[in-house]
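Numbers for residues simply follow the sequence, beginning at 1.
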Amino acid sequence: MRIPLLATLALAASMLAAPPVQAAGHPFQDPGLPLEQRVEDLLGRLTLREKLGLLHQSQPPIPRLGIGYHKNGTEALHGVAWSNHRDDGWNQKFAAGTVFPQAVGLASTWDPELIRRVGSAVGDEVRGHNAVDPVLWGLQVWAPVVDLLRDPRSGRNEEGYSEDPLLTGAISTAYGKGLQGDDPFYLKTAPVLKHYLAYNNETDRSLTSSNLTPKLKHEYYEPAFKAAVSADAATGVMASYNLVNGRPNHVNPDLDTVVRSWTDRTLYNVSDAWGPHALTDLEKYYDTKPEAFAAVLKAGLDSYTIDGSDGGPMVQHLTAALDQGLITETDVDRAVRNVLSIRTRLGHFDPDGGPYKKITEEVIDSAAHRELNRETAGKAAVLLRNSGVLPLAAPKSAAVVGPLAGRVYRDWYSGQAPYQVSPLDGIKERVGDVTTSQGLERVALKHLASGRYVTATGTGPDDNAALADTAPTAASQWDLTDWTDGVSTLRNAGNGRLLGGDWRSLDTDDADPDGWYVSQQFALERQPDGAYLIRYAGFETVESWYALPDPYVSVAADGTLGLAPRAQAAKFGKEVVSDGVAEAAARAAEAEVAVVVVGSHPFVAGREFRDRDGLRLGEGQRRLIQAVREANPRTVVVLETGYPVIVDAPTLLWTTHAGSETGHAVADVLFGDVNPAGRLTQTWPASDDLPDILDYDLTKTGMTYLYGKDRPLYAFGHGLSYTSFGYQGLKVRGDQVSVKVTNTGDVRGDEVVQLYTHQRRSRFAQPVKQLRGFQRVTLDPGESRTVTFTLKRSDLAVWDHTRSRWAVEEATHDVLVGSSSDRIRGRATLRVRGETIPVRDLARTTRAMDFDDYRGVTFADETKAAGEVVAGSEGDWISFTRASYGSRFTAGVASVSGGAVEVRSGSPKGRLLATAQVPATGGIYQWGTASASLRAGKGDLYLVFRGDLRIRDFALTG
């Protein structure tokens with residue numbers, strides 16, 4: 001008899017876990033006792049070795065106390081995605097269940113209540129998988145991702161929600177609330193917010209430092225996390241790989257002091273994978289593992305995600321840290337209390353497992369979840385442009401073409417969908433006569449030196465691609481897909497597999513782009529003589545061990561293909577064997593309507609570990625759009641991407657990779673069953689000529705709608721409808737803003753009403769406009785509704801870096817209501833009574849980081865434990881404006897070789913008031929004093945660096 005797989009897993013899991021406690025035998029097992037009493041009772045029963053074991057991601061069972069095994073970190077970004085099994089080499093194990101739209105798509109609904117329902121469904125499925133295999137599917141889930149999408153080139157754009165902190169906070173709160181469940185005490189799952197803090201680049205992600213001014217840290221980067229934590233919609237945060245102002249986030253003291261201050265409930269903070277090891281192995285921030293691991297614990301992390309399921313190395317390093325006096329058992333107990341608190345709320349120590357234990361595998365991929373998935377994907381779609389073609393009115397025939405027409409792709413944080421509905425499938429359900437074509441060029445790549453063609457020799461890892469055919473055959477023909485950012489894939493016409501890199505050789509053993517390094521990526525670079533070089537674009541090329549910068553396809557003496565530096569690249573001719581673009585255009589010409597489905601592949605040209613260089617849709621896909629449009633004016637372009645892409649068409653519908661129900665949702669919108677009301681959650685730039693992706697200072701770069709002044713391709717909040725809406729009677733009364741919205745069209749539809757403000761004058765740099773609220777409302781034709789927002793005086797506070805506190809300024813604010821950030825439908829003014837920021841008193845000790853402006857400097861760590869300072873080199877400067885100052889300048893400084901600080905008036909090259917010589921202090925963490933005399937006065941002061949040095953603080957007294 002064949003035992004079903006789920007039953008087999010359940011049996012195995014029951015044998016691996018500790019036997020359940022049948023009755024409350026100890027106070028920690030008594031649900032009637034207060035949480036703190038239960039935690040303290042259990043803590044007191046644990047040995048030191050057992051306590052240390054609980055600080056690992058993979059927590060061993062404690063049979064003597066009836067405590068089962070627990071693993072942190074089930075990935076649940078937009079459905080249950082994957083986890084790792086303790087007893088299977090920690091290999092990635094994918095879930096099969098409901099795959100909802102990618103996170104950026106969830107946010108494009110602008111519908112927190114819907115997203116709460118999605119989070120609840122995902123939480124149910126986590127519980128369902130846990131019921132089958134509690135060893136594999138732990139109940140602490142690593143979701144949602146709260147990283148702000150301040151640069152669309154970031155490889156993980158699809159994982160975040162928005163470039164706006166208020167919208168991100170609202171959606172993450174909703175998703176987290178759903179994941180947790182409605183019980184006031186027990187947790188369905190324990191959501192952890194990723195990734196704290198200011199993490200939005202994959203390039204050198206463990207070595208780059210995000211430059212955060214105090215203003216942007218408090219006003220932009222922190223609030224999205226604070227919203228979910230303060231609403232008790234998260235049970236902890238995950239530290240990010242990057243550094244902030246020179247200090248690795250895995251030892252960021254804000255994890256303990258700031259993040260925990262946002263809630264009265266216990267938080268259980270975790271490291272990212274390998275993050276504690278990076279402190280010594282990659283970042284070289286600490287010399288020894290005990291020192292690094294102790295610092296992680298003291299900074300406020302309670303869990304180490306390292307070494308797979310083996311907690312032994314962590315225990316060894318923490319034990320050494322205890323022996324060396326770097327930490328105490330009190331430090332260990334503090335972290336273990338956090339662990340036990342969340343595990344108690346998950347029901348781990350209840351005799352019956354708590355109220356959510358009753359959820360079984362039956363919820364996984366249920367009919368209700370499929371219906372919710374379709375609803376969500378439909379509400380997430382954004383109509384970018386409409387020439388009048390949409391909605392489609394019962395066409396008798398349709399050509400559905402493009403590389404994504406018949407496919408639904410998963411991403412790195414997706415599970416395996418039990419079923420998939422492609423756009424082609426969805427349209428076929430509605431139109432009787434449907435033709436299709438991928439619209440791809442089929443090419444042969446002729447080695448110009450030998451006249452032979454690149455040929456696949458098999459589908460095994462040892463079947464190296466080679467120069468073989470002297471005339472193109474199926475084995476030497478390749479379907480070329482130009483995705484985005486100039487990166488393509490090549491699928492062999494003979495065996496259906498992709499050309500891919502295999503260390504220094506090439507083979508065709510992969511069905512789809514996949515894997516950590518995604519080795520199936522190439523860029524065909526046309527040369528002035530018409531020949532092509534083929535650049536290899538696998539992600540491993542950025543690793544230091546790869547040792548082959550800028551690799552290109554080369555040819556060995558025996559004719560096999562390999563990779564070599566550009567100077568040794570082979571030259572190829574690209575011969576078009578069959579023109580899929582022309583084929584698609586021909587089919588479009590014969591159909592009543594044409595639908596072109598183009599976009600990105602979630603694994604190609606950017607993902608975790610790799611950013612994009614540009615945002616343009618691939619050249620082949622652009623040609624496909626143009627050819628089909630010329631063949632059939634009734635053409636709709638459906639764009640599927642996880643990030644903004646530079647492309648345009650008269651009728652353009654955007655959807656993220658929207659999971660199993662993508663095709664149904666696309667068809668629902670195209671045919672008018674769903675009136676589109678999705679809105680963009682980030683700016684789509686008109687050009688990919690963008691600032692340095694590593695520059696996090698939005699006020700300098702002008703990134704996001706908050707500070708951008710260039711006209712974008714599509715603005716934040718943009719999205720069209722099949723109906724129209726009128727706005728009337730905007731009123732501001734007290735803390736209430738109201739506006740009447742009317743459906744002035746002929747069909748029922750949703751409008752996303754958006755409230756923005758702009759402070760006209762301020763002591764500080766202000767955003768162009770800032771989102772203060774939003775509501776998605778449904779209106780019948782002719783129906784009106786008054787939409788009301790609460791806008792409190794405190795909502796308008798700004799961070800006053802001159803006094804290190806929030807302040808509401810005396811100011812006039814523009815109150816703006818509209819359907820997007822660039823389509824304001826009503827304006828009013830609001831006079832706010834507040835304070836006038838006083839003249840800066842530089843006689844008081846002033847932190848150097850509290851500057852008003854800067855150039856050239858970097859922001860650095862005062863010590864490895866805490867504090868932030870300004871580091872500069874020759875000619876760099878910081879300024880302090882509208883200030884009064886005394887006659888004696890004294891600064892806390894550090895420098896390896898010494899230097900000087902010039903005090904200048906009015907500008908960096910203004911009148912020299914004084915020069916303070918900086919002695920060599922012995923190191924960047926060795927602090928000394930520099931001083932000089934000058935004449936007291938008022939005005940703008942500039943501190944100009946001469947030589948390499950750091951300034952911690954200063955005062956101008958006397």
Original post:
Is the shortest distance from a Lys or Arg side-chain nitrogen in Glu608 or Arg156 to a carboxylate oxygen in the other one below 4.0 Å?
Top reply: yes

Original post:
Is it true that a side-chain atom of Thr508 and a backbone atom of Gly458 form a donor plus acceptor pair closer than 3.5 Å?
Top reply: yes

Original post:
Per the side chain to side chain donor-acceptor pair (under 3.5 Å) rule, which among Glu619, Gln626, Gln621 passes with Arg623?
Top reply: Glu619

**OP:** Determine, step by step, whether Asp512 and Arg491 satisfy the salt bridge (Lys or Arg N to Asp or Glu O under 4.0 Å) criterion, reporting the C-alpha distance in whole Å, the side-chain angles of both residues, the deciding distance to 0.1 Å, and the verdict.
**Re:** CA-CA 9 Å; Asp512 282 302; Arg491 187 176 298 276; 3.3 Å; yes

**OP:** Could you tell me whether Asp514 and Arg410 make a salt bridge, using a distance below 4.0 angstrom between a side-chain N and a carboxylate O?
**Re:** yes

Original post:
Quick one: does Tyr722's side chain get under 4.5 Å of Asn386's, heavy atoms only?
Top reply: yes

**OP:** For this output row, return yes or no: ring centroids of Phe522 and Tyr536 closer than 6.0 angstrom.
**Re:** yes

Original post:
Which residue pairs pass the side chain to side chain donor-acceptor pair (under 3.5 Å) test with at least one member in residues 706-716, sequence neighbours excluded?
Top reply: Asp648-Tyr714

**OP:** Please answer whether the main-chain N or O of Val518 pairs with a side-chain N or O of Gln521 as donor and acceptor at a distance below 3.5 Å.
**Re:** yes

Original post:
Are the aromatic rings of Trp503 and Tyr517 close, with centres under 6.0 Å apart?
Top reply: no

Donor-acceptor pairs under 3.5 Å, side chain of residues 685-693 to any protein atom, not counting sequence neighbours: which ones?
unit_1 : atom_1 : unit_2 : atom_2 : d
Ser687 : OG     : Asp689 : N      : 2.9
Asp688 : OD2    : Leu615 : N      : 3.3
Asp692 : OD1    : Leu694 : N      : 3.0

**OP:** Evaluate the ring planes of Trp516 and Phe609, with Trp represented by its six-membered ring, and classify them as parallel (under 30°), tilted (30 to 60°) or perpendicular (over 60°).
**Re:** tilted

**OP:** With Tyr705 as reference, evaluate Asp822, Asp164, Thr683 under the side chain to side chain donor-acceptor pair (under 3.5 Å) test and give the passing residue.
**Re:** Asp164

Original post:
Can you check whether Leu148 reaches Glu163 side chain to side chain, under 4.5 Å on heavy atoms?
Top reply: no

Original post:
Is the shortest distance from a Lys or Arg side-chain nitrogen in Arg374 or Asp668 to a carboxylate oxygen in the other one below 4.0 Å?
Top reply: yes

Original post:
Below 4.5 Å, heavy atoms only, C-beta onward: do Thr436 and Lys428 meet side chain to side chain?
Top reply: no

Subject >> Taking every non-hydrogen atom, the tightest pair across Leu384 and Leu720 >> reply: O-CD1, 3.6 Å

Original post:
Please walk me through it: do Glu640 and Tyr409 pass side-chain hydrogen bond (donor to acceptor under 3.5 Å, both in side chains)?
Top reply: CA-CA 10 Å; Glu640 290 186 31; Tyr409 290 113; over 6 Å; no

Original post:
Side chain of Asn492, backbone of Ala475: donor and acceptor closer than 3.5 Å?
Top reply: yes

**OP:** State whether Lys571 and Asp529 are salt-bridged, where the test is any N-O pair (Lys NZ or Arg NE/NH1/NH2 against Asp/Glu carboxylate O) under 4.0 Å.
**Re:** yes

Subject >> From His718 atom NE2 to Arg679 atom CZ, the distance as rounded to the nearest 0.5 Å >> reply: 8.5 Å

Original post:
Taking 4.0 angstrom as the limit, do Arg612 and Glu202 come out as a salt bridge?
Top reply: no

Original post:
What side chain to side chain donor-acceptor pair (under 3.5 Å) pairs are there with at least one residue in residues 387-406, not counting sequence neighbours?
Top reply: Ser387-Thr651

Subject >> Pro461 versus Asp502, closest heavy-atom pair with distance >> reply: O-OD2, 3.2 Å

Subject >> Parallel, tilted or perpendicular: rings of Trp654 and Trp684 (30°, 60°) >> reply: perpendicular

Original post:
More than 12 foreign heavy atoms under 6.0 Å from CZ of Arg823: is that the case here?
Top reply: no

**OP:** Step by step, work out the side-chain contact (heavy atoms from CB on, under 4.5 Å) result for Asn157 and Gln682.
**Re:** CA-CA 10 Å; Asn157 195 88; Gln682 65 185 132; 2.7 Å; yes

**OP:** Answer whether the closest heavy-atom distance between the side chains of Val669 and Leu383 falls below 4.5 Å.
**Re:** no

Subject >> Under 3.5 Å donor-acceptor, Ser600 side chain and Pro602 backbone >> reply: no

Subject >> Check: Ala399 main-chain N/O paired with Arg587 side-chain donor or acceptor under 3.5 Å >> reply: no

Original post:
Should Val636 and Val593 count as side-chain neighbours, where that means a heavy-atom distance under 4.5 Å?
Top reply: no

**OP:** Identify whether the distance between the nearest side-chain nitrogen and carboxylate oxygen of Asp510 and Arg497 falls below 4.0 Å.
**Re:** no

**OP:** Is it possible for you to check whether Arg607 lies under 6.0 Å from the centre of the six-membered ring of Trp412, through NZ or CZ, and within 45° of that ring's axis?
**Re:** yes

Subject >> Neighbour count above 12 (heavy atom, 6.0 Å) for Lys574 NZ >> reply: yes

Original post:
Just how far is it from atom OG1 of Thr489 to atom CG of Leu480, taken to the nearest 0.5 Å?
Top reply: 7.5 Å

Original post:
Can you find a heavy atom in the side chain of Val145 that is under 4.5 Å from one in the side chain of Leu77?
Top reply: yes

